[in-house]
Amino acid sequence: MRKPCCDKEGTNKGAWSKQEDQKLIDYIHLHGEGCWRSLPKAAGLHRCGKSCRLRWINYLRPDIKRGNFAPDEEDLIIKLHALLGNRWSLIAGRLPGRTDNEVKNYWNSHIRRKLINMGIDPNNHKLYQTSPLLPHAASSSSHHHHLNLDLTIAFPAHYSSSPTFTLAEEDDNNNNDNPKPTSENMDESNPTLLLFQ
DNA sequence: AACCCTCGCAACCGCCAGTAC
DNA sequence: GGTACTGGCGGTTGCGAGGGT
């Protein structure tokens, strides 16, 4: 049988040093990604393979876009989250240069709070029935999420500033863990999902 | 100046599906 | 066919920075 990916004894943990980063970068430039189990030893790193993978994927990869999220990126995250839920890797896959960890962190630290302040429940993207912040939200919510009859856009009316897009092409190619909504499985409160059939 | 609190982010942990043995 | 390992994912934690008192 194979050996475990790493023995926890004798491995560094916590923040990466510049030297460790450089060793990892140099090794991957020479040998490419993959085989994370054997990489630490081969690269001279006292790290778990998993830790190396994470460091590379989330921080060292040359194609990573760093810095603030643009408004359209934020918009897209909100929309994708409304469709996919907390499937950060899928969401990040649609934002070039962004990692799932970054998207997840940005959601939890910025967007989530922003939606709450707008009176929107970040879990289901519906307006709160009763909001301490927006006392009038209860009356307006019944209009918003039950009467979204705009079939050209797949999101609730409170996301109206956003551009339209479709997931259809990827679903056709590979994606069976994101089954297309059907009249059987769709949420009746969200009629717009029918667009993806 | 010192202390406390909050926030953002990097990194870890545990779980799971796929797959090698 | 069963077991163990790998790679990937989402949830969570912990630390450092910055702001407030």
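Each chain gets a letter, A, B and so on, in the order its sequence line appears, and its residues count up from 1. Since the model is a prediction, treat every value here as computed from it, not as a measurement. Computed from heavy atoms alone, side chains included, the values below leave out hydrogens, waters and symmetry copies.
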Q. Looking at the side chain of Trp88(A), which of dT12(C), dG10(C), dG8(C) is the nearest nucleotide?
A. dG10(C)
**Q.** Atom pair distance, as rounded to whole Å: CZ in Arg112(A) and C1' in dT12(C)
**A.** 13 Å
Q. How is Tyr59(A) classified with respect to the nucleic acid when contacts are heavy atoms under 4.0 Å: base, sugar-phosphate, or nothing?
A. sugar-phosphate
Q: Take Arg94(A) and Glu73(A) through the salt bridge (Lys or Arg N to Asp or Glu O under 4.0 Å) test and state the conclusion after the steps.
A: CA-CA 10 Å; Arg94(A) 297 186 171 276; Glu73(A) 286 182 304; over 6 Å; no
Q | Asn101(A), nearest nucleotide to its side chain (from dA10(B), dG7(C), dG10(C)) | A | dA10(B)
Q.
Whole angstroms only, please: what is the CD1-C1' distance between Ile111(A) and dC9(B)?
A. 15 Å
Q: Keeping the roles fixed (side chain from Ser109(A), backbone from Asn105(A)), state whether a donor-acceptor pair exists under 3.5 Å.
A: yes
Q) Between dC12(B) and Arg47(A), is there an OP1 or OP2 to side-chain N/O distance shorter than 4.0 Å? A) yes
Q) For the side chain of Arg66(A), counting heavy atoms from C-beta on, which of dA10(B), dG7(C), dG10(C) is nearest? A) dA10(B)
Q.
Would you say Leu95(A) ends up clustered with Tyr106(A) if hydrophobic residues are merged whenever their side chains have heavy atoms under 4.5 Å apart, either directly or through other cluster members?
A. yes
Q. Using a cut-off of 4.0 Å on non-hydrogen atoms, how would the nucleic acid contact of Asn86(A) be classed: base, sugar-phosphate, or nothing?
A. sugar-phosphate
Q. Do the side chain of Lys126(A) and the main chain of Asp121(A) share a donor and acceptor less than 3.5 angstrom apart?
A. no
Q. Among dT12(C), dC9(B), dG7(C), which is the nearest nucleotide to the side chain of Arg53(A)?
A. dG7(C)
Q) Within the structure shown, what part of the strands sits under 4.0 Å from Asn58(A) by heavy-atom distance: base, sugar-phosphate, or nothing? A) nothing
Q. Across the strands shown, which category fits Lys13(A) at heavy-atom distances under 4.0 angstrom: base, sugar-phosphate, nothing?
A. sugar-phosphate
Q: Can you figure out which of dA11(B), dC9(B), dG11(C) approaches the side chain of Ser109(A) most closely?
A: dC9(B)
(Q) We want to know whether Glu20(A) and Asn12(A) form a side-chain donor-acceptor pair, criterion being a heavy-atom distance below 3.5 angstrom. (A) yes
Q | Counter-base of dG14(C), judged by Watson-Crick or G-U geometry with both distances under 3.5 Å | A | dC9(B)
Q.
In this structure, how many angstroms lie between the P atom of dT12(C) and the NZ atom of Lys104(A), rounded?
A. 10 Å
Q. Quick one: does Lys50(A) reach the base of dG8(C) with a side-chain donor-acceptor pair under 3.5 Å?
A. yes
